[in-house]
Amino acid sequence: MNLKCLEQLKKALSEKHPQAKLASDFAIPWEMCPAGMDGDITVNCFRFARNFGCAPDVLAQEAADILQNNEDVQAVSKVKAFVNVSLKPQALFRDSIANMDRLMKDAVLPENQRKRILVEYSAPNTNKPQHLGHVRNNVLGMSLVSVMQRAGHQVIPVNLVNDRGIHICKSMLAYKRCGNGITPEQAGKKGDHFVGDFYVLFNKMLSEEIKQLKEARPELADQSSDELFLETEIGQAAQKMLRDWENGDPETVSLWKTMNSWVFKGFQQTYERMGVHFDKTYLESNTYLLGKETVSENLAKGIFSRREDGAVIADLGKLGTKVLLRKDGTSVYITQDIGTTLLKHKEHNPDVMIWVVGDEQILHFQMLFTILKKMGCPWADSLYHLSYGMVNLPSGKMKSREGTVVDADDLFDEMHELAKKATLERLGDTAEIPEDLEKRSEIIGMGALKFMLLKFNPKTTIMFDPQASLKFEGDTGPYVQYVCARINSIARKAQERGIDAAPEKVDWSLLDSPEEKEIAVMALRYQTALRSSAEKMDCSVLVAYLLDLAKCFNRFYREKQVLNAEDENVRTARLALCFAVRDILSDGLRALTIQIPEAM
RNA sequence: GCACCCAUAGCUCAAUUGGAUAGAGCGUCUGACUACGGAUCAGAAGGUUGGGGGUUCAAAUCCCUCUGGGUGCACCA
């Protein structure tokens, strides 16, 4: 949906410049008029003058002259190549929130632009519980999926669980030696935390042994822990366990199954709390051998080559060479990813595949995509690594081994408690405690956390300050939720008083203040914000938009009375304006997977 | 050593992808309810966009260079 006067401007300019070559979907771009300038919107001719083949300044004058005589336009002022336009309220609202149905549908892409998109995210290890870093991944992934769906794409979310390898054996070995056969239930712990504790225990025993080793053999003092891993008894035992697992040793496999099931149960609780859902979960224990055959086939075709020692390698030009099969024929990480990618493509036949994975793996994915291109996969150009930065703490980086991680479940609990505390403070001592206090606190707490993580561009390394980040004031989720709650409150009161705000009864020309018109202009930007978030795979665009809209509303709310408006018709119009804001904010928050409490 | 990414207000982040006077929040200071919800609103202070050069009507954004950070360069995942 665009402003009618701009469509007319486009037509008039096209007639004036018949030689102009415009794309079929070309629309005159417009921006919000900056504060201090007179107008509702700005047409920046610098941006598109070349489309009409004339100088920006000249085109601006033409546009100003044309718009001057448009029936929807109140006033026009031209500054350099900028044309500032004030619109008549009835025209502005007619093209904007007077038709909410249309406005909402406009956020959906036209059918020929919709795609089938597979998104892989989360990808946890089953040896420890998830921490803040995983939370960022999960929130980025689930919101991306949801926003893309809202924009009209068909999206398939999948998970690839890292359930095998030496790190899994570490927690298994520690459990075998020190667990005494107890279960998470007996210990009263969530399964993933229970297993994670044994992983920590393993590392403790390992460093103890390394310390002793270094004391006994001073020549090893400069060696790193990783280098000494196989020098230790416990390291060798873990390595043996991995071999036993790969050979299908019944006792090892049985313990592995049991411990994994504990972890899965724990993860499921964490996922449910966040609202994470996958259409399919791949297990690396099932996929880790995939790819070997493919590599062999392509070796035969001459696409890959064999190194002197027998290992199979790929020549990736600038990226260097990459080993795909070890000399003993076993597969490596990227072999598995080649196989899994082919499998995912075969099973789901997507137009686009996205991996939400941290930016330390940028090179890995460049290599993976190059390899698939070399293999001649026709779809290898539509693969995308959505890389995101780390989450740092004021004290520095999070490190599992050093115990400086922020645990996901603990963080959720903390957010919940903070929200509860804030809610109770607002209610005061006298009021009775609302029935839905827990549910409300959960929605506000999780909303604040998700919003905070989505506020930043995914690729940036973010700083998470537990003290500062968890406030509910300013640019936060609760700020936006609060606007919805306020409008809900107005809606309840309106209903009590039997006030109706049916759109057909509204006289929009009554909303002629800057605050009211600004909301109408903002509403027009919703479709762009949502689509742009989906296209750029960056939810922060939508987050920033929702904050902007919420701020506009609060300015309006301070300035103008709704239910106590000076006139019945004004009241109706303002009420309709409130509902429009609430509808957009709710739709946007829902797209980000953030819920809205009835009251706060 | 090589490659990629980053550097913007005291702090955390934006800037419609090259466009008007670089904007928000937090923090600091000053104000605003006899009001439909104060998790709110209005205002002030705070900037040579890390330094230097270049490209043009126009640079935080593009190119070169220097400085300071991060990540990767495993037959780990």
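Below, chain A is the first sequence line, B the second, and so on; all start at residue 1. No experiment lies behind these values; they were computed from the predicted model shown.
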Under the side chain to side chain contact (heavy atoms under 4.5 Å, CB included) test, which residues partner A:Asp25, sequence neighbours left out?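 For A:Asp25 the side chain to side chain contact (heavy atoms under 4.5 Å, CB included) partners, ignoring immediate neighbours, are A:Ala23.
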
Test: side-chain hydrogen bond (donor to acceptor under 3.5 Å, both in side chains). Region: residues 447-456 of chain A. Which pairs qualify, not counting sequence neighbours?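 For residues 447-456 of chain A: A:Lys450-A:Thr593.
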
Lys/Arg-Asp/Glu bridge criterion (N-O < 4.0 Å) met for A:Glu120, A:Lys344: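 Salt bridge between A:Glu120 and A:Lys344, a charged N being under 4.0 Å from a carboxylate O: yes.
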
Please determine whether a side-chain nitrogen of the Lys or Arg among A:Glu566 and A:Arg574 lies less than 4.0 Å from a carboxylate oxygen of the Asp or Glu.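 Here A:Glu566 pairs with A:Arg574 in a salt bridge, since their nearest N and O are under 4.0 Å apart.
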
Contacts of type side-chain hydrogen bond (donor to acceptor under 3.5 Å, both in side chains), residue [X], not counting sequence neighbours:
X: A:Tyr384; result: none
X: A:Lys128; result: none
X: A:Asn127; result: none

Can you see whether A:Phe229 has A:Lys170 sitting over its ring - NZ or CZ less than 6.0 Å from the centre and within 45° of the normal?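 Yes, cation above the ring, under 6.0 Å and within 45°.
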
Can you list, by residue number, the residues of residues 566-575 of chain A that have a non-hydrogen atom closer than 4.0 angstrom to RNA chain B?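 RNA chain B contact set from residues 566-575 of chain A: none.
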
Once base and sugar-phosphate atoms are separated, protein heavy atoms under 4.0 Å mark nucleotides 6-13 of chain B, 5' to 3', with B, S and - as S-----SS

Which letter, B, S or -, goes with each nucleotide of nucleotides 58-64 of chain B from 5' to 3', with contact meaning a protein heavy atom under 4.0 Å? -------

My validator wants the stems of RNA chain B: runs of 3 or more consecutive Watson-Crick or G-U pairs, both distances under 3.5 Å, written as range with range.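 Output for stems: B:1-5 with B:69-73, B:10-13 with B:23-26, B:28-32 with B:40-44, B:50-54 with B:62-66.
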
Are OP1 or OP2 of B:rG38 and a side-chain N or O of A:Arg486 less than 4.0 angstrom apart?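 Affirmative; the distance criterion is met.
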
List, one per line, each side-chain donor-acceptor pair under 3.5 Å for residues 551-558 of chain A, sequence neighbours excluded.
{"from": "A:Lys551", "atom 1": "NZ", "to": "A:Asp475", "atom 2": "OD1", "distance (Å)": "3.3"}
{"from": "A:Asn554", "atom 1": "OD1", "to": "A:Arg486", "atom 2": "NH1", "distance (Å)": "2.7"}
{"from": "A:Asn554", "atom 1": "ND2", "to": "A:Tyr479", "atom 2": "OH", "distance (Å)": "3.0"}

Which residue lies toward the 5' end of RNA chain B, A:Asp309 or A:Asp359, if each is placed at its nearest nucleotide?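 Its nearest nucleotide lies further toward 5', so the answer is A:Asp359.
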
Atom-pair distance (OH on A:Tyr557; P on B:rU40), nearest Å: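 Distance check: A:Tyr557 OH to B:rU40 P gives 13 Å.
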
Tabulate atom names and distances for all N/O pairs under 3.5 angstrom spanning the protein and nucleotides 26-29 of chain B.
none

Please list each protein N or O that sits under 3.5 Å from an N or O in nucleotides 17-23 of chain B, with the distance.
{"from": "B:rU17", "atom 1": "OP1", "to": "A:Arg47", "atom 2": "NH1", "distance (Å)": "2.7"}
{"from": "B:rU17", "atom 1": "OP1", "to": "A:Arg47", "atom 2": "NH2", "distance (Å)": "3.1"}
{"from": "B:rU17", "atom 1": "OP2", "to": "A:Arg47", "atom 2": "NH1", "distance (Å)": "3.3"}
{"from": "B:rU17", "atom 1": "O4", "to": "A:Lys536", "atom 2": "NZ", "distance (Å)": "3.2"}
{"from": "B:rG19", "atom 1": "OP2", "to": "A:Arg47", "atom 2": "NH2", "distance (Å)": "3.1"}
{"from": "B:rG19", "atom 1": "O2'", "to": "A:Asn44", "atom 2": "ND2", "distance (Å)": "3.3"}
{"from": "B:rA20", "atom 1": "N6", "to": "A:Thr42", "atom 2": "OG1", "distance (Å)": "2.9"}
{"from": "B:rA20", "atom 1": "N6", "to": "A:Asn84", "atom 2": "OD1", "distance (Å)": "3.1"}
{"from": "B:rA20", "atom 1": "N1", "to": "A:Asn84", "atom 2": "OD1", "distance (Å)": "3.3"}
{"from": "B:rA20", "atom 1": "N1", "to": "A:Asn84", "atom 2": "ND2", "distance (Å)": "3.4"}

